[in-house]
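Chain letters run A, B, ... following the sequence lines, proteins first, then strands; residues in each count from 1.
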2 protein chains.
Amino acid sequence: MGQLAMTHSDSVAQKALDLASRRMPGLESMSLNLQRDLRALARDKVEIPSGKSIVIEDARCPQLYLVEQGWVLRSRGLASGRRQIVNYALPGDLLCTDSLLFKVSGFDLLARTPVALIRIDAPSGAELFERYPALAAAVAWTAGQDESILAERVVSLGRRDSLEKLSHALCEMEARLASIGMMRGQAIELPFNQEDFADMLGISVIHVNRTFRKLAEEKIALYRKGSIEIRDSARLKQIAAFDPDYLHLS
Amino acid sequence: MGQLAMTHSDSVAQKALDLASRRMPGLESMSLNLQRDLRALARDKVEIPSGKSIVIEDARCPQLYLVEQGWVLRSRGLASGRRQIVNYALPGDLLCTDSLLFKVSGFDLLARTPVALIRIDAPSGAELFERYPALAAAVAWTAGQDESILAERVVSLGRRDSLEKLSHALCEMEARLASIGMMRGQAIELPFNQEDFADMLGISVIHVNRTFRKLAEEKIALYRKGSIEIRDSARLKQIAAFDPDYLHLS
DNA sequence: CGAGGCGTTGACACCCATCAACATGGGTGG
DNA sequence: CCACCCATGTTGATGGGTGTCAACGCCTCG
């Protein structure tokens with residue numbers, strides 16, 4: 001793949017490529033072209049230790065990454081010290097698609113676990129759309145999927161109470177993880193602590209704790225460090241009024 | 001323009017085309033191609049009276065619209081009767097870009113004023129990206145801009161109090177309207193009532209009223225039916241910590 | 001063994017929702 | 001032209017959901 005030497009880890013990289021190219025409904029015919037484009041343009045692999053923020057060194061030149069492993073948080077820190085997590089990226093997700101369309105965005109990227117990224121030497125501007133239609137389609141599709149996820153988050157933040165917010169977030173995580181084969185039984189394994197949930201749901205840490213307790217008392221879901229056990233998926237979905245269509249998964 | 005006869009209103013349509021094709025930084029070189037594509041694919045004009053919702057008749061075939069006149073609200077109604085406005089579209093904006101990438105979305109479109117739309121017979125799937133790169137770029141760019149706006153809204157809803165939320169929304173409206181030449185002096189002319197603000201900001205109508213009163217007492221902004229007078233733009237931006245970069249306007 | 005991250009719990013305060021009542025103004029029909 | 005109505009805006013009283021503060025427990029790691 002490009003200048004990237006074939007190594008023992010290529011099966012993992014291949015898996016990320018498969019994930020990225022497989023889940024665009026209506027664009028199946030471009031799957032092979034996309035894989036070819038990604039391989040041709042892949043420059044190298046970047047490994048980021050857990051907890052480190054992903055800095056975009058050169059804001060002038062386009063940056064595109066394919067997540068191979070780990071969880072990446074996209075968030076905004078406010079002057080008052082508050083923080084809002086906007087979204088998270090998982091293996092198979094394209095990162096920084098906005099840098100191909102605009103200058104770089106005003107959000108922070110944080111590796112919440114050890115993260116492996118495949119760096120893509122993507123052209124920006126007209127060249128992207130004229131010479132790499134499959135890659136352009138993937139970028140557009142990713143932007144559309146992200147927009148859809150954010151629209152749903154706007155609804156959650158605006159018009160759902162804390163129990164509904166948390167339930168909805170858990171349903172979404174379960175669906176996204178399941179779609180990439182990262183669910184083991186009924187347990188969501190995730191690197192979020194309760195403060196992360198607070199900053200994603202727009203409520204306080206203490207209230208996240210109270211809300212998890214409510215879910216535990218009702219035997220719906222059980223929070224533990226590093227994992228959440230879903231014990232009554234049906235009720236969880238009912239509380240959240242969860243409809244997975246907006247994720248546009250296969 | 002396609003099967004659309006040249007009429008006296010074509011100067012208006014031309015203006016919408018200009019707006020749509022002009023504001024993609026980095027993609028200026030595709031502007032002319034985009035105008036050509038839009039003209040070639042334009043099918044007809046749809047006029048929707050104020051207050052009517054825009055129904056997508058055939059969810060299976062792709063729908064793409066260019067807003068020529070009026071305000072379109074994108075919202076979600078919840079079972080409990082609550083409503084959340086996710087975004088709004090103005091003249092020059094592309095609507096329903098998601099229908100080219102996925103099946104149709106779960107949100108409602110409402111004409112908040114009399115609305116004129118130019119319907120585009122856009123191809124979906126691989127054909128869009130392989131045969132119409134300029135249109136594909138516009139769709140991708142719109143999806144990216146919408147995502148960026150929604151990300152900012154997530155921050156507002158999650159981590160700003162009501163005064164900051166309202167101030168930020170007003171700053172955004174001023175910037176978006178100014179960019180398409182719809183600001184007259186310091187007055188924002190808009191079809192939002194206080195309930196619309198409530199459903200956009202995720203707070204109650206009554207609290208919207210109290211927050212406007214606070215802005216009026218401080219001589220920062222003055223709400224009237226149908227318009228808002230900005231009297232101290234600097235303080236408004238300061239309260240909102242407003243940075244217009246995320247709108248990606250010229 | 002100490003320190004620090006994280007989770008848990010309770011007391012209290014406040015922002016904002018809810019409810020209710022009234023004001024205003026534009027539109028409609030008699 | 002007036003009476004009425006309905007949408008919208010305004011204001012106050014009250015309550016609940018959630019934030020803030022404080023303290024403590026547990027576990028991990030150095």
Side-chain angles (χ1 to χ4, degrees), chain A residues 49-52 73 78 80-85 110 112-113 156-169 188-218 221-229 239, chain B residues 49-52 73 78 80-85 110 112-113 156-170 188-217 221-229 239:
Chain A
S50 176
K52 222 181 127 189
L73 298 191
L78 275 70
S80 53
R82 293 170 287 185
R83 181 179 71 142
Q84 177 66 42
I85 294 174
L110 175 70
R112 199 61 183 80
T113 64
S156 255
L157 288 165
R159 287 303 187 209
R160 293 199 243 254
D161 66 25
S162 58
L163 188 65
E164 295 169 329
K165 283 177 189 170
L166 180 55
S167 302
H168 198 277
I188 301 177
E189 288 173 29
L190 84 179
F192 279 41
N193 60 24
Q194 297 190 354
E195 189 171 358
D196 293 325
F197 275 101
D199 290 339
M200 182 168 60
L201 304 178
I203 60 182
S204 69
V205 197
I206 288 109
H207 209 67
V208 169
N209 189 285
R210 286 195 274 249
T211 310
F212 266 124
R213 197 199 318 172
K214 211 176 288 184
L215 287 178
E217 282 167 355
E218 303 265 346
L222 192 57
Y223 177 91
R224 291 195 207 87
K225 258 186 194 172
S227 79
I228 292 164
E229 186 186 340
I239 292 172
Chain B
S50 176
K52 224 183 124 187
L73 300 191
L78 277 69
S80 52
R82 292 168 288 186
R83 181 180 71 141
Q84 177 66 42
I85 294 174
L110 175 70
R112 199 63 183 80
T113 65
S156 256
L157 288 165
R159 289 299 187 213
R160 295 200 242 252
D161 66 26
S162 59
L163 188 66
E164 295 168 329
K165 282 177 191 172
L166 180 56
S167 302
H168 197 278
L170 294 180
I188 301 177
E189 287 172 28
L190 84 179
F192 280 40
N193 59 22
Q194 297 190 354
E195 189 173 358
D196 293 323
F197 275 101
D199 289 340
M200 183 168 60
L201 304 179
I203 60 182
S204 70
V205 197
I206 288 115
H207 209 69
V208 169
N209 187 285
R210 285 194 271 253
T211 310
F212 267 123
R213 196 200 318 173
K214 210 175 288 183
L215 286 177
E217 283 167 356
L222 191 57
Y223 176 91
R224 290 196 207 88
K225 259 186 195 172
S227 78
I228 293 163
E229 187 187 339
I239 292 172

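Rounded to a whole Å, the CD atom of A:Glu217 is 12 Å from the C1' atom of C:dT9. The CZ atom of A:Phe212 sits 9 Å away from the P atom of C:dT8 (whole-angstrom rounding). Taking atom CG on A:Leu215 and atom P on C:dG7, their separation rounds to 15 Å, with Å as the unit. Atom P of nucleotide D:dT18 and atom CG of A:Leu201 are separated by 11 Å, given to the nearest angstrom. In this structure, CD1 of A:Ile228 is placed 10 Å from P of C:dG7, rounded to the nearest angstrom. For B:Asp199 and C:dC16, the CG to P distance is 16 Å, given to the nearest whole Å. The NZ-C1' distance, from A:Lys165 to D:dG19, rounds to 12 Å in whole Å. One atom, CZ of A:Arg213, and another, P of D:dT18, lie 14 Å apart when rounded to the nearest Å.
A donor-acceptor distance shorter than 3.5 angstrom exists from the side chain of B:Arg159 to the backbone of A:Arg83, with no hydrogens or angles considered.
Taking each heavy atom of A:Ala198 and A:Ser204 in turn, the nearest pair found is CB-C, 3.7 Å. Across all non-hydrogen atoms, the minimal contact from B:Asp196 to B:Ile85 is O-CD1, 3.5 Å. Among all heavy-atom pairs drawn from B:Ser162 and B:Ile203, the shortest one is CB-CD1, 4.0 Å. The nearest pair of heavy atoms linking B:Gln84 to B:Met200 is NE2-O, 3.1 Å. Minimum heavy-atom separation, B:Ser167 to B:Leu215: OG-CD2, 4.1 Å.
Looking at heavy atoms from C-beta onward, B:Arg112 lies in side-chain contact with B:Asn193 at the 4.5 angstrom threshold. Counting only heavy atoms from C-beta outward, the side chains of B:Ile188 and B:Tyr223 never approach each other to under 4.5 Å.
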Tabulate atom names and distances for all N/O pairs under 3.5 angstrom spanning the protein and nucleotides 17-20 of chain C.
from   : atom 1 : to       : atom 2 : distance (Å)
C:dA17 : OP1    : B:Ser204 : N      : 2.9
C:dA17 : OP2    : B:Ser204 : N      : 3.0
C:dA17 : OP2    : B:Ser204 : OG     : 2.7
C:dA17 : N7     : B:Arg210 : NH2    : 3.4

Pairs under 3.5 angstrom, nitrogen or oxygen only, protein versus nucleotides 27-30 of chain D, please.
none

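Separation of atoms CD1 (B:Ile228) and CG (B:Leu166) is listed at 7.0 Å; rounding is to 0.5 Å. Between the NE2 atom in A:His207 and the CG atom in A:Asp161 there is a gap of 8.0 Å [rounded to 0.5 Å].
Between A:Phe212 and A:Phe197, the ring planes lie perpendicular to each other; the angle is over 60°, past the 30° to 60° tilted range.
The phosphate of C:dT8 (OP1 or OP2) has a side-chain N or O of A:Asn209 nearer than 4.0 angstrom.
Sorted by residue number, the list of members of residues 189-198 of chain B with any non-hydrogen atom under 4.0 Å from DNA chain C is empty.
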